[in-house]
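The model shown is predicted, which means the values in this text are computed figures rather than measured ones. The first residue of the sequence shown is numbered 1, and numbering continues consecutively from there. The analysis underlying the following values was restricted to heavy atoms, covering all of them including side chains, and did not include hydrogens, waters or symmetry mates.
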Amino acid sequence: MTTPARPFAALALIVVPTLIASQASAHPRPSDHLVSVTAKTETPGVYDDAAGHKGDADDPAIWVNRHDRARSVVIGTAKNAGLNVYDLKGRLVQSIAAPAAPGPDDEAGRFNNVDIVHGFKLGGRTVDLAVTSDRGRDQIRSYVIDQRTGKLTDATAANVPLAFSRNQAQVNDQETIYGLTTFQDHGTAYVVGTRRHQTDVGLFELIASGGKVTYKKVDTLDFPSSFRLPNDTTWSPCEEPGEGPQLEGVVVDEAAGTLYAAQEDIGLWRVQLKHGSFQGRPRAVERTKEFGVPATYDEKTEECVPSGVDPGFGGRIAADTEGLTIHETGKRSGTLLVSSQGDNTFYTYDRQTNRPLKHFAVVDGAAADGSQDCDGADTVSTPLPGYPHGLLVVQDGDNTPVELGADGEPRVNTNFKFLDAKILTR
């Protein structure tokens, strides 16, 4: 049975600013010395046009091959173009198409985020799964990863439920599952999924059924959308009419039982997880620079325009707050990374204390161009061939060089950059 959504927005009006202020004093910010790093390789461009099957690289997940680390793979979402599987040299080794639309006027599959589940019991065997959010169909889809080759086989049950929508008409409105991460608690595999244009986040239990994978929603949590500021004014981020301040990037620290969630226009949150449910209120880790700044939506430009003075309550992250990942170096030690999409940089925090650590950018290098407008990111600390400190993969929302399409116009081009994860070590 689904647990009713918990309305934390009203609580946030009073509590959130106090939490933010006390946390800032507990963890003084280091000088924001920006470090530049370069990628060791990159994946082929993914193109958002008919020739590229309306592809858009968005979120990566790294699968480490326990039998032969050199055959580890990176699985990346490409939205309408489905899933792509890459080897450690960035070469494409497999493509999985997104599902077709169920009807002529319905939305087709559109894969947004992806993560890995290890050791899932399925049909009398133990498998690893690549689990992805299908925001087009409002579903969670699961693929068995071949233990030797890393290639994917669809294991999604035919009758999986809708993640957030009540019917196909709501699916077609596309307030559907968006961001996604997985974790395990006492042998049970879970998915945390965010919702496009809304503030509710769902917790889903993965279930083996007849050799396939389905799921059920077990809890829901609403994140704040309105805030009482220290100057006794109330602020909500500017959004297109009818839309809420959505979340996308999510990651779970299993050892700590903590979910980190990126609310794009507001900042980075943490909330406790226990026994298959959310525990307590979301707590602020870092705000966006734009937090508290008045803005108004302009119907003509379809943009939010500042409409007042910055009251000075913002943090360091330049909206949108995007991809999250944890570089684990021990049971509780390691580094939390967040993409500061608005200024093409990344911030890191101590995994245990959330103390700010580093500020870096992925810039143009000899092997690949840099990363701009980064959405998703993933990392592992396991040493891999060519990556002695582990692997960090980040999305590049503006890949170069630019190519021209058949119409002579630049093709929208995205991909993934592979880096040695040394920047994430202490």
Side-chain angles (χ1 to χ4, degrees), residues 2 5 48 54-61 75-83 98-99 106-115 130-142 156 160-166 168 170-183 190-204 206 215 217 219-225 237 239-240 242-252 259-269 271 278 282 319-325 338-339 341 373-378 395 397 414:
T2 301
D48 189 9
K54 300 296 291 181
D56 185 1
D58 190 281
D59 186 55
I75 303 163
T77 58
K79 295 190 178 174
N80 292 69
L83 283 176
D106 296 330
E107 292 289 332
R110 182 176 171 87
F111 290 167
N112 212 64
N113 282 189
V114 63
D115 204 4
V131 180
T132 184
S133 55
D134 183 347
R135 70 182 251 197
R137 298 284 302 272
D138 197 25
Q139 296 175 343
I140 298 168
R141 301 195 65 85
S142 299
T156 311
V160 292
L162 300 176
F164 289 101
S165 305
R166 291 192 297 271
Q168 186 62 42
Q170 285 197 341
V171 173
N172 293 340
D173 288 338
Q174 287 292 281
E175 291 182 359
T176 50
I177 190 167
Y178 199 55
L180 172 146
T181 192
T182 65
F183 71 99
Y190 294 95
V191 168
V192 176
T194 72
R195 189 179 186 187
R196 185 169 181 260
H197 294 159
Q198 301 298 325
T199 58
D200 52 324
V201 173
L203 182 61
F204 304 84
L206 289 181
Y215 51 87
K217 188 184 289 185
D219 204 0
T220 305
L221 176 64
D222 277 347
F223 279 72
S225 59
E239 306 289 345
E240 186 173 341
E243 297 180 2
Q246 68 187 12
L247 303 91
E248 182 176 5
V250 279
V251 68
V252 171
L259 166 70
Y260 292 96
Q263 196 165 12
E264 294 179 351
D265 293 324
I266 293 168
L268 177 60
W269 300 95
V271 64
F278 298 110
D320 292 345
T321 314
E322 284 288 347
L324 299 178
T325 186
V338 59
S339 167
Q341 189 182 67
D373 300 321
C374 177
D375 280 320
D378 195 24
Q395 186 257 8
T414 54

Considering non-hydrogen atoms only, spot the tightest contact between [X] and [Y] and give its length.
{"X": "Pro60", "Y": "Gly376", "answer": "CD-C, 3.5 Å"}
{"X": "Asp265", "Y": "Pro237", "answer": "CB-CB, 3.9 Å"}
{"X": "Ser225", "Y": "Thr199", "answer": "CB-CG2, 4.3 Å"}
{"X": "Gly136", "Y": "Val171", "answer": "O-CG1, 3.4 Å"}
{"X": "Gln139", "Y": "Tyr215", "answer": "CA-OH, 3.5 Å"}
{"X": "Val191", "Y": "Thr182", "answer": "CG2-CG2, 4.0 Å"}

Quick one: does [X]'s side chain have a donor or acceptor within less than 3.5 Å of a partner on [Y]'s backbone?
{"X": "Gln341", "Y": "Asp373", "result": "yes"}
{"X": "Asp56", "Y": "Ala78", "result": "no"}
{"X": "Thr194", "Y": "Gly179", "result": "yes"}
{"X": "Thr77", "Y": "Leu83", "result": "no"}
{"X": "Gln174", "Y": "Arg135", "result": "yes"}
{"X": "Glu322", "Y": "Ser339", "result": "no"}
{"X": "Glu248", "Y": "Tyr178", "result": "no"}
{"X": "Tyr260", "Y": "Thr325", "result": "no"}
{"X": "Asp59", "Y": "Val114", "result": "yes"}
{"X": "Thr414", "Y": "Ala57", "result": "yes"}

Hey, could you give me the [atom1]/[atom2] distance between [X] and [Y], rounded to the nearest 0.5 Å?
{"X": "Asp222", "Y": "Gln198", "atom1": "CG", "atom2": "CD", "answer": "9.0 Å"}
{"X": "Asp173", "Y": "Glu107", "atom1": "CG", "atom2": "CD", "answer": "9.0 Å"}
{"X": "Phe111", "Y": "Arg141", "atom1": "CZ", "atom2": "CZ", "answer": "5.5 Å"}
{"X": "Arg195", "Y": "Ser165", "atom1": "CZ", "atom2": "OG", "answer": "6.0 Å"}
{"X": "His197", "Y": "Gln246", "atom1": "NE2", "atom2": "CD", "answer": "5.0 Å"}
{"X": "Asn112", "Y": "Ile177", "atom1": "CG", "atom2": "CD1", "answer": "9.0 Å"}

> How far apart are the C-alpha atoms of Ile140 and Val160, what are their side-chain angles, what is the distance that settles it, and do they pass the side-chain contact (heavy atoms from CB on, under 4.5 Å) test?
Replying inline: CA-CA 8 Å; Ile140 298 168; Val160 292; over 6 Å; no
> Going through the checks in order, is the side chain to side chain donor-acceptor pair (under 3.5 Å) test met by Ser133 and Asn113?
Replying inline: CA-CA 5 Å; Ser133 55; Asn113 282 189; 5.0 Å; no
> Ile266 versus Pro224: any side-chain heavy-atom pair under 4.5 Å?
Replying inline: no
>> Taking the side chain as everything from C-beta on, heavy atoms only, tell me whether Asp115 gets closer than 4.5 Å to Val131.
In response: no
>> Over 60° means perpendicular and under 30° means parallel, so tell me whether Trp269 and Phe223 are parallel, tilted or perpendicular.
In response: perpendicular
